[in-house]
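Right, I'll just put the structure down here and ask away after.
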Amino acid sequence: MRQHDKLFIGGEWVTPAGTGTIDVISPHTEEIVGRVPDGTAEDMERAVAAARQAFDHGPWPRMTFAERAEVIGRLAAIYNERQGEMAQLITEEMGSPITFSNLAQAPQPLGMLQYYAELGQTFVQEEQRPGLFGPITVRREPVGVVAAVVPWNVPQFVTMTKVAPALLAGCTIVLKPAPETPLDAYLLAEWAAEAGVPAGVLNIVVAGREVGEHLISHQGVDKVAFTGSTAAGRRIAAVCGEQLKRVSLELGGKSAAIILDDADLAASMGFLSMASLMNNGQACVAQTRILASRSRYDEVVDAIAGMVSSQPVGDPADATTGIGPLVAKRQQERVESYIKLGMDEGAKIVVGGLDRPYDRGWYVAPTVFSGVSNDMRIAREEIFGPVLAVIPYEDEADAVRIANDSDYGLAGTVWTADTDHGMEVARQVRTGTYGVNCFMLETNAPFGGYKASGIGRELGPEGLNSYLEYKTISRLG
């Protein structure tokens with residue numbers, strides 16, 4: 001068992017203020033695989049104080065972008081050497097299939113570190129512009145102390161969407177990992193110290209919701225960066241609004257995959273399986289609404305059912321596993337409640353249902369519903385599990401209408417033999433990230449959502465901008 005009894009604050013491993021602990025439970029075996037301290041409000045006070053000291057008086061904000069990029073590059077080099085260890089750890093603590101962990105859970109955070117390390121080598125802190133009465137200097141400065149609050153589904157990916165650009169900007173950070181997945185954050189802390197990130201620049205305290213709210217509302221925090229549920233995002237936005245505190249929110253999704261009539265179904269299924277079922281369906285960008293024309297509806301349902309049925313369900317550490325367990329028993333029960341709800345709403349189960357694949361572990365049978373209308377709750381609410389709803393449309397305009405008929409706007413895809421026409425469809429769907437015959441997130445392009453899917457953008461230079469303040473300096477003579 002991986003056991004930690006300290007917190008990472010001010011560049012040191014310190015004794016927590018309380019005696020409470022958090023057990024990390026394997027979603028596959030339901031056995032304890034780790035234990036960490038349960039952070040308290042007092043621990044958060046200490047972490048914010050360390051971040052505040054490092055920002056107000058330390059060297060980090062006063063270094064050049066290139067100097068900070070050099071440190072980030074060292075962290076990236078360590079990450080690169082040990083990314084396999086990170087992938088295995090995330091699979092162990094939250095049940096992500098090892099193939100997905102090796103494909104995304106560790107490599108994508110590494111890619112973000114590498115991207116921002118490279119960007120920092122050429123990023124200009126001060127820009128000169130002509131003014132009406134004299135020259136103008138536009139200066140970019142770090143926003144300050146950042147509270148980074150991250151979820152359990154892709155813990156390092158989400159952590160790095162915040163930590164990597166915040167570090168480059170010159171901010172200092174208090175990171176609150178989710179209680180379900182704290183172990184990867186401890187590994188990151190070790191690597192950050194080894195890379196020479198100065199004391200107090202990155203502080204890590206694992207804690208529950210109440211202590212997390214204490215961090216978010218702390219007067220010593222200048223910006224909150226949050227990824228999680230839309231309900232929690234609304235609460236955080238309200239707190240930050242009261243304090244006029246900078247905030248970025250990456251929230252839920254209910255993304256639509258539009259399958260046009262000219263799509264090659266056999267070719268599309270291989271890519272759509274990852275887009276819709278990645279990480280056991282526990283992804284905010286998952287394509288869980290499958291839109292098919294009435295003329296090909298039965299054919300699409302059969303193809304989706306075959307695709308889902310072909311995914312081996314089992315031990316996430318097994319390289320042949322396609323779908324593993326959900327992160328916690330409560331998540332298993334939540335997803336099963338939606339499967340029952342879909343049945344009650346009149347949708348038809350084509351594959352899966354309420355019979356659990358295994359007696360042990362928090363598994364849910366991957367499920368496909370047909371006969372779904374877009375007003376059903378299984379089509380409107382984020383389920384966060386391997387449950388897909390196939391929705392019929394009349395024509396292409398109706399497909400776009402259904403795709404846009406959602407409280408969310410995080411991601412989406414279109415599947416077609418005509419990629420140019422796919423681009424036309426992409427431009428009509430109100431969502432932050434879109435794919436034509438694919439779905440991917442690029443480190444050099446902005447990621448975020450429309451509507452209830454969030455506020456602000458992460459990744460790319462836009463992701464860096466959210467950690468910067470812009471100062472205009474005018475002068476005469």
Give a yes/no verdict on a cation-pi contact between Lys348 and Phe369, requiring under 6.0 Å between NZ or CZ and the six-membered ring centre and an angle within 45° of the axis.
-> no

Is there side-chain contact between Val327 and Asn153, with at least one heavy-atom pair below 4.5 Å?
-> no

Donor + acceptor pair across side chains of Asn374, Arg289 (<3.5 Å) = yes

Between Tyr186 and Trp13, how do the two ring planes meet: parallel, tilted or perpendicular, split at 30° and 60°?
-> parallel

Test item: Gln332 side-chain N/O and Tyr363 main-chain N/O as donor-acceptor pair under 3.5 Å = yes

Student check: side-chain heavy atoms of Ile383 and Ile378 closer than 4.5 Å = yes

Where the side chain of Asp407 meets the backbone of Ala452, is there a donor-acceptor pair that is under 3.5 Å apart?
-> no

Test log, rule side chain to side chain donor-acceptor pair (under 3.5 Å), inputs Ser406 and Lys451 = CA-CA 9 Å; Ser406 173; Lys451 299 181 281 188; 5.4 Å; no

Any donor-acceptor pair under 3.5 Å linking the side chain of Asp43 with the backbone of Pro16?
-> no

Backbone of Gly449 reached by a side-chain donor or acceptor of Arg457 within 3.5 Å | yes

Sub-4.5 Å side-chain heavy-atom contact between Leu326 and Pro386 | yes

State which residue, out of Leu183, Ile22, Thr21, Val24, fulfils the side chain to side chain contact (heavy atoms under 4.5 Å, CB included) condition with His4.
-> Leu183

Closest heavy-atom pair and its distance - Cys284, Phe384 = N-CE1, 3.5 Å

Side-chain contact test, heavy atoms from C-beta onward, threshold under 4.5 Å: evaluate it for Lys254 versus Glu381 and give yes or no.
-> no

Starting from the C-alpha separation in whole Å, work towards a yes-or-no answer on side chain to side chain donor-acceptor pair (under 3.5 Å) for Tyr408 and Glu382.
-> CA-CA 9 Å; Tyr408 299 104; Glu382 188 174 37; 4.8 Å; no

Heavy-atom donor-acceptor pair, Asp264 side chain to Ala266 backbone, under 3.5 Å | yes

Are the aromatic ring centres of Trp191 and Tyr79 under 6.0 angstrom apart?
-> yes

Any side-chain heavy atom of Glu458 within less than 4.5 Å of one from Lys162?
-> yes

Would you say Tyr297 has more than 12 foreign heavy atoms packed within less than 6.0 Å of its OH?
-> yes

N-O pairing of Lys340 and Glu336 below 4.0 Å = no

Report yes or no: does Lys176 contribute a side-chain atom to a donor-acceptor pair with the main-chain N or O of Ala207 at less than 3.5 Å?
-> yes

Whether over 12 other heavy atoms sit under 6.0 Å from Lys6 NZ | yes

Only one of Asp262, Leu260, Ile259, Leu265 forms a side chain to side chain contact (heavy atoms under 4.5 Å, CB included) with Arg296, so which one is it?
-> Leu265

Residues Asp318 and Thr320: side-chain donor-acceptor under 3.5 angstrom = yes

Lys/Arg N to Asp/Glu carboxylate O, Lys329 vs Glu333, below 4.0 Å = yes

CG/Asp184 to OG1/Thr159 distance, rounded to the nearest 0.5 angstrom?
-> 6.0 Å

For Glu93 and Thr91, indicate whether the former's side chain and the latter's backbone hold a donor-acceptor pair under 3.5 Å.
-> no

Would you say Trp362's side chain and Arg330's backbone share a donor-acceptor pair under 3.5 angstrom?
-> no

State, yes or no, whether a side-chain contact exists between Leu459 and Asn444 at a heavy-atom distance under 4.5 Å.
-> no

Residues Thr321 and Asp315: side-chain donor-acceptor under 3.5 angstrom | no

Using a 4.5 Å cut-off on heavy atoms from C-beta on, say whether the side chain of Gln105 contacts that of Pro155.
-> yes

Any donor-acceptor N/O pair, Thr431 side chain to Ala411 backbone, under 3.5 Å = yes

Does Arg360 make a cation-pi contact with Tyr358, if we ask for NZ or CZ under 6.0 Å from the ring centre and within 45° of the axis?
-> no

Report, as yes or no, whether the 6.0 Å neighbourhood of atom CE on Met63 holds more than 12 heavy atoms from other residues, nucleotides or ligands.
-> yes

Donor-acceptor pair, Asn203 side chain versus Ile173 backbone, under 3.5 Å?
-> yes

Which is it for Leu272 and Trp415 under the side chain to side chain contact (heavy atoms under 4.5 Å, CB included) test, yes or no, and what are the steps along the way?
-> CA-CA 9 Å; Leu272 188 57; Trp415 305 84; 3.7 Å; yes

On a heavy-atom basis, the closest approach of Ala164 and Tyr116 is CB-CD1, 3.7 Å

Close side-chain approach of Leu7 and Ile204, heavy atoms under 4.5 Å | no

